[in-house]
Amino acid sequence: MADLTSFFNPKSIAVIGASKSPEKIGNVVVKNILSSGYNGEVFPINPKEREINGLPCYPTIDSVPKPVELAVISVPSSMVLDVAKACGTSGVNNLVVITAGFKETGKEGLGLEKKLASICRQYQMQMLGPNCVGFMDTHTPINASFATGFPLKGEIAFISQSGAMVVSILDWSFSAGLGFSKFVSLGNKAILNEAHFIEHAADDPNTKVILCYIEDVENGTLFLDTARRASREKPVIILKSGTSQAGARAASSHTGALAGSDLAYEAAFLQSGVIRARSMPELFDLAIAFANQPIPRGDRVAIITNSGGPGIVATDNIESKNLKMARFRKETIRQLGNFLPGESNIYNPVDVLGDAKADRYRFALEKVMADPGVDSTIVLLCPGGVTEPAETAKAMIEIRKKHLDKPLIAAYMGGEQIAEGAKILASARIPCFTFPEPAILAISGMVRYARFRNLPEGEALPLYDHIDKKTVKLTIDQVKAEKRLVLLGSEAAKLVNAYGIPAANTILATQPEEAADVADQLGYPVILKVASPKIMHKTDVGGVKSGLFSYEEVRRGFIEIMENIQRYMPRVAVYGIEVQKMMPRGTELIIGMTRDIHFGPLIAFGLGGIYVNLIKDVSFRLAHGLSLREIKKLISETKAYTLLRGYRGEQAADMEAIAEVIGRFSKLVTDFPEITEVDINPVFVYNKGVSAVDVKITVS
Ligand code: COA
């Protein structure tokens, strides 16, 4: 992975396209670098000028007498390639290309961008952009961008695919008093992308929280590996907008139809411990909480309020966010009862009443935070005649010092009357929101993160035995040679069998007597299914006959199916009839796969059968880096899990066998990228073992 140390902390910078005209970006960049307090050398480059902003100006990058570690380019797009090449030959290691007019403009721009990326690779230069605002680092310090202003020093790294978001958030951050370690505008991500900056921020001692706004990921598997590693170090919070194109294409499998457009991202964030924000306010609410508060040890939340309504709203919200209302120990309840007025509620949510001054809040907070059954506390305050928002804030600051390991968040519900108190809290790094919901959302994000970080690394899938790659390859090659995309049932069964997934024995027959002989060989009862890649819903056209117990029934069944197809779909190519041994009925499951363009195979598991799309009891995981623990979690998320554990006295299903089949399935679809979609529906599961009954596979 790229080492970005010299990128964020270069010894020297050249600004190519520096200008004397104050309205030009090249002028703003030079001014920004100088006013940020950057203490390395700065070289403006402009063939027409001798001096810019009091600095000697050079006509070209190769005329600079000293080594340059970073070049910021702001010349028109037609000149960028020549300038980048000159940087490469002059030994510049890092580029920021602000210039627009690349892939965002269409085919021609894309061509230009590819050439620019190839120049960077040729000279081993790291490049941010093109089409970006630049970057800032408050700890270097450096402002290598054309954004107005320089952020307050802080511990949040903000990485954004939208340049506009960078400038707007920067401006807002001053009024919010929020500090940042880094601001990065990713632009078109031709070389450096979100994964490189997340990786760097994970190791950066000045960054405590990694915040991202992305529209897509450049390299799904790199992102997964990087985000997973980074999340173990510090929280990674991402707002992802837009929908993936994978979902836009028509899905030909149940799994594809169930997966939808955003599920791969959802799974990617879940599996890598990323906290997903659903909106801009959520992104920053989470950032404020994570940057200023410790990670809670558990999910038990205490509320202290001076009015009933907001206390109830908060309680409801806590339950809906999978948090728990803390139960106080007897001693806490006794102490609260002794001190607070008789009308107060001494149980959680603690109501200190509308006439509470700071002393009541102080007392309640002290006792509640000291309770070992409390992991986080939220203080709600509504301004009233005798309320003391500022004094209450000071009391919170004082008590918090004794419990630095427990999050404390405030919701001061008001405007002018609470403004001073809110300011006091913010300056002491106690997040203060206007309503309870963002406070609870922040705690719920922190609890989810704590759960992820407390889990040991999931062990990789075992090296399964009986994996026969050769058979899979031969089968797929043969299908491709016949210019088919959909495998016949017998081929699909052979393919999953080759990876140790038990599938019901299926043999193709082309004549009635042959089918009957096959049935004799397999043993009765058998089921017959028409074999045609063009017929997706075989039952609808009379293409299936089940429960056949004799040679004669099979022979006649063959003829009847052929007649039905002739009647309903006369022009469709039929390869014959598949004879399959009928398996005893088990609980019907579905195991499927659809391939996401960014993240690769997305595995589905849930309740199978013909109502799969109606019931929609399916959970998803990405195959990349899938662990056995994740597979078990995937199984346990579904309603099917309740059935599998033995519902209403029934015998429990063979969970180990299901987990192994999902693991083997995940290996199969990872090893063979040409497999685009799979539905194994149903898979019968028994109290011992499983059997894949109907396997549909599509290849590209
Ligand atoms: N080396 C050094 N300097 C050069 C040069 C070269 N090869 N070629 C031109 N220059 C100089 C120009 O002479 C000019 O200096 P001057 O003011 O002294 O004449 C300066 O570089 C800039 O060139 P100019 O042609 O005036 O371009 P510009 O400043 O109007 O526009 C960009 C350049 C990069 C700002 C513009 O092309 C652009 O992409 N704008 C959009 C940026 C953007 O929105 N990015 C994405 C944000 S999300």
Side-chain angles (χ1 to χ4, degrees), residues 12-33 42-64 68 70-90 92 95-106 108-110 112-113 115-116 119 125 127-136 143-149 158-171 183-194 197 212-216 241-242:
S12 53
I13 307 177
V15 180
I16 308 178
S19 171
K20 276 199 157 160
S21 312
E23 75 280 3
K24 291 205 181 171
I25 284 182
N27 179 279
V28 178
V29 174
V30 175
K31 268 199 242 156
N32 277 349
I33 293 171
V42 185
F43 305 107
I45 314 285
N46 182 319
K48 294 189 296 194
E49 304 292 348
R50 307 290 303 269
E51 164 278 317
I52 287 176
N53 274 89
L55 297 167
C57 186
Y58 297 87
T60 54
I61 185 78
D62 46 20
S63 59
V64 177
V68 172
L70 173 79
V72 183
I73 299 176
S74 71
V75 296
S77 58
S78 57
M79 295 173 198
V80 169
L81 296 192
D82 287 341
V83 166
K85 217 176 277 174
C87 287
T89 53
S90 308
V92 177
L95 299 184
V96 174
V97 181
I98 287 174
T99 312
F102 290 86
K103 82 170 175 198
E104 79 282 4
T105 59
E108 213 175 301
L110 176 66
L112 201 61
E113 186 164 315
K115 284 183 191 150
L116 175 60
I119 292 169
M125 292 185 287
M127 177 181 68
L128 176 64
N131 186 32
C132 71
V133 170
F135 76 91
M136 300 170 214
N143 181 358
S145 82
F146 68 90
T148 315
F158 182 44
I159 300 158
S160 172
Q161 196 166 341
S162 154
M165 207 81 96
V166 168
V167 287
S168 305
I169 295 304
L170 175 62
D171 198 34
F183 258 101
V184 178
S185 157
L186 291 169
N188 292 2
K189 309 192 279 190
I191 295 284
L192 293 173
N193 60 48
E194 57 284 325
F197 289 103
C212 299
Y213 166 80
I214 54 168
E215 283 147 21
D216 56 11
S241 67

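Order of appearance sets the numbers: ligands from 1, and atoms from 1 within every ligand.
Taking a distance limit of 4.0 Å, we find that atom 31 (O) of ligand 1 is approached by no protein heavy atom. By the definition of a contact as any protein heavy atom under 4.0 Å away, atom 46 (C) of ligand 1 is in contact.
No more than 12 heavy atoms of other residues, nucleotides or ligands shown are found within 6.0 angstrom of CD on Glu108.
Ligand 1 lies out of reach of Gly101, whose nearest heavy atom is not under 4.0 Å from it. The shortest heavy-atom distance from Cys132 to ligand 1 is under 4.0 Å.
Checked against a 3.5 angstrom limit, the closest N/O atoms of Ser19 and ligand 1 fall inside it. Considering backbone and side-chain atoms alike, Ser77 places every N or O at 3.5 Å or more from each N or O of ligand 1. Between Asn46 and ligand 1, at least one N/O pair is under 3.5 Å apart. Considering backbone and side-chain atoms together, Ile98 places an N or O closer than 3.5 Å to an N or O of ligand 1.
Atom 41 (C) of ligand 1 has as its closest protein heavy atom Ala100 CB, 3.9 Å. Of the protein's non-hydrogen atoms, the one nearest atom 4 (C) of ligand 1 is Val75 CG1, 3.6 Å. Of the protein's non-hydrogen atoms, Pro76 CA, 3.6 Å is the one closest to atom 37 (O) of ligand 1. Among protein heavy atoms, the minimum distance from atom 3 (N) of ligand 1 is reached at Pro47 CD, 3.4 Å.
In this structure, Asn32 contributes its side chain and Asn143 its backbone to no donor-acceptor pair below 3.5 Å. Checking side-chain atoms of Lys103 against main-chain N and O of Glu113 turns up no donor-acceptor pair under 3.5 Å. Proximity of a side-chain donor or acceptor of Asn46 to a complementary backbone N or O of Ala18 within less than 3.5 Å is detected.
When each atom of ligand 1 is checked for a heavy atom of Asn131 under 4.0 Å away, the hits are 45 (N), 46 (C), 48 (S). Those atoms of ligand 1 with a heavy atom of Gly17 less than 4.0 angstrom away are 2 (C), 3 (N), 20 (C), 21 (O), 22 (C).
Phe158 pairs with exactly one of Val184, Ile169, Leu170 by the side-chain contact (heavy atoms from CB on, under 4.5 Å) rule, that one being Ile169.
At a 4.0 Å heavy-atom cut-off, ligand 1 touches Ile25 through the side chain alone.
The residue among Ser74, Gly26, Gly187, Gly129 with a heavy atom at the shortest distance from atom 22 (C) of ligand 1 is Ser74. Here atom 7 (N) of ligand 1 lies nearest to Val83 when heavy atoms of Val29, Val83, Asn27 are compared.
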